[in-house]
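As a basis for the values below, the full set of heavy atoms in this structure was taken, side chains included, without hydrogen atoms, waters or symmetry mates. The sequence lines fix the lettering, A, B, ..., with proteins before strands; numbering per chain opens at 1.
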Protein chains: 2
Amino acid sequence: MEVRPEDRGEGPVRDRDTVLGKALAILRAFGPADSVLPLAELVRRTDLPKGTVHRVAGDLVRHRLLDKTAHGYRLSGGLFELGLRAAAERTLLELAMPFLQDLYERTHETVHLGVREGHEVVYIAKIGGHRQARAPSRTGGRMPMHCTALGKVLLAHAGEQEWTAVLTGPLERRTPRTVIAPGLLRGQLTRAVETGVAYEVEESTPGLLCVAAPVLAPDGRTAVAAISVTGPVGRFRPESHANAVRAAAAALGSTLARRGH
Amino acid sequence: MEVRPEDRGEGPVRDRDTVLGKALAILRAFGPADSVLPLAELVRRTDLPKGTVHRVAGDLVRHRLLDKTAHGYRLSGGLFELGLRAAAERTLLELAMPFLQDLYERTHETVHLGVREGHEVVYIAKIGGHRQARAPSRTGGRMPMHCTALGKVLLAHAGEQEWTAVLTGPLERRTPRTVIAPGLLRGQLTRAVETGVAYEVEESTPGLLCVAAPVLAPDGRTAVAAISVTGPVGRFRPESHANAVRAAAAALGSTLARRGH
DNA sequence: CGGTTGCGTTCCACTCAGCGGTACGCTCTT
DNA sequence: AAGAGCGTACCGCTGAGTGGAACGCAACCG
């Protein structure tokens, strides 16, 4: 009975002892920015024996979850297909698309659809045109809640328990304007509930502004998703789009209530 | 050394003997239409012992690939996130979005982005507004090549070898107007290469028309993707959008050539 | 150029994770 | 009450999975 270093009782599942755990560790070793990773890099990131990574990665290739290129491994199209079968986010995406489309056409700025997952925002969709602001968000990617409009509005409608959980946790400073004072943030959340929109002013990325509105569940309290419009400092005036975003989010909310629930 | 029934040398990987194989079998048991499947249904579809499915599914839940609800299992958001990290389709999607957006705005009809995978089309993106035609296509879904505009144009630029492979294979009749005569189809492919667009006239779904154009690789011969516009019989005139689709696809093609390649 | 470093790949004997048949308890029908 | 169909729990056997070690190959370098 030896003591394993990972027995710190932390985090989600850090299961290096099952085949599945190893496989997932390898797949998740790919960050949002990585495209191909050589075997050695996978070994470094997963902290698994070289031989093991080699074999499991080989199996993953056989199962169409990885592609093997001359320069290393790459997440494969099979994974893309599989991921887009995820029921919840997919129906949300499909039902939301028309509303996002309208919103884009009205604003011609980058439009986001996101949901809360744990203490972060996950982007379900991102649509934009040629002159879109260069936002760090990516479809399927994550961002902290406290420094994005989408995150703030989702948190605002997530219940008191979430508020304190996030506000007492560490609030990473992303830019000089990131709000990391819990009291200030709490005030913003309260306003978001009152006004039905949240703003972001260069809090996650310099030069970016954002408005977001919640897509509320039938109960009218909890948010199942949120919609936002993002634009660059200068031409973009968030306030002038508040109504459009609010309307889109509300419309999507009642569509969800009517259909899939 | 016993003979296993699956040793027929057929198909991709039908590996029920490794943990990974079982896990994938369970995940892939979810069809595009399914949202939640009860344990028993998974047992039926995967043809695995009940105890095994129960355990593996439990592991998958632990790893955030499945969600467990009161009524059964469901593909989880973790899978969605993972899938959207697939490098190839993701960068394609991101670079294409502005062009698809433009195309939608010009036409206000359903716009598709697809790639060829094996002998089928995989949809990378589908965008449409409120009055979009009810097409069976879904993001991440598949369709045969011979009965869709997207498929035909992708096949047309896939090389002689693919042509014969598809044309000699079985051509499923989806609607009364599906073209299943190899000779006729070959003619359409030839024309697609000459004109730079392919059409579909209620060949996959009654009431639907479609135009598609290829996104060509720098070599100008092979297609890396294709873009299409779909609309309902009646108001929709495919020919009138041919130029717009062709232009969008060409523009995306040169963008791809310039950037990521 | 030998030497070194880092890579991908292959091999193989041990062992415990995974296996799946069996059995149980529950909720609906009939 | 009996039956059908479901999800869950148990447990002894075993071969799939393991990972340390060794190999061949480029690149880099003093």
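The neighbour count for Arg173(A) CZ, taken as heavy atoms of other residues, nucleotides or ligands under 6.0 Å away, is above 12.
A heavy-atom distance below 4.5 Å is found between the side chains of Leu252(A) and Ile227(A).
Of the two residues near DNA chain C, Val56(B) and Leu37(A), the one whose nearest nucleotide lies more 5' is Leu37(A).
Between Glu94(B) and Lys126(A) there is no salt bridge, since no side-chain nitrogen of the basic residue lies less than 4.0 Å from a carboxylate oxygen of the acidic one. Salt-bridge annotation for Lys22(B) and Asp59(B): absent, with no side-chain N of the basic residue lying under 4.0 Å from a carboxylate O of the acidic one.
Proximity note for Lys68(B) (side chain, C-beta onward) versus dT9(C), dG7(D), dT8(D): the nearest is dT8(D). In this structure, of dG17(D), dC7(C), dG8(C), it is dC7(C) that holds the atom nearest to the side chain of Arg44(A). Distances were taken from every side-chain heavy atom of Lys50(B) (C-beta onward) to each of dG20(C), dG7(D), dC19(C); the shortest belongs to dG7(D). When distances are taken from the side chain of His54(B) to each of dC19(C), dA9(D), dG8(C), the shortest belongs to dA9(D). Taking every side-chain heavy atom of Tyr73(A) into account, dT9(C) is the closest of dC19(C), dT9(C), dT8(D). For Ala40(B), the side-chain atoms get nearest to dC6(D) when compared with the rest of dG17(D), dC6(D), dG8(C). When each of dG19(D), dG18(C), dG8(C) is scored by its nearest atom to the side-chain atoms of Val19(B), the top-ranked nucleotide is dG18(C). Here dT18(D) is the nucleotide among dG18(C), dT8(D), dT18(D) with the atom lying nearest to any side-chain atom of Arg55(A).
Taking 4.0 angstrom as the limit, Thr52(B) places a side-chain polar atom (N or O) nearer than this to OP1 or OP2 of dG20(C). Contact annotation: Lys22(B) does not reach the phosphate of dG18(C) (side-chain N/O to OP1 or OP2, under 4.0 Å).
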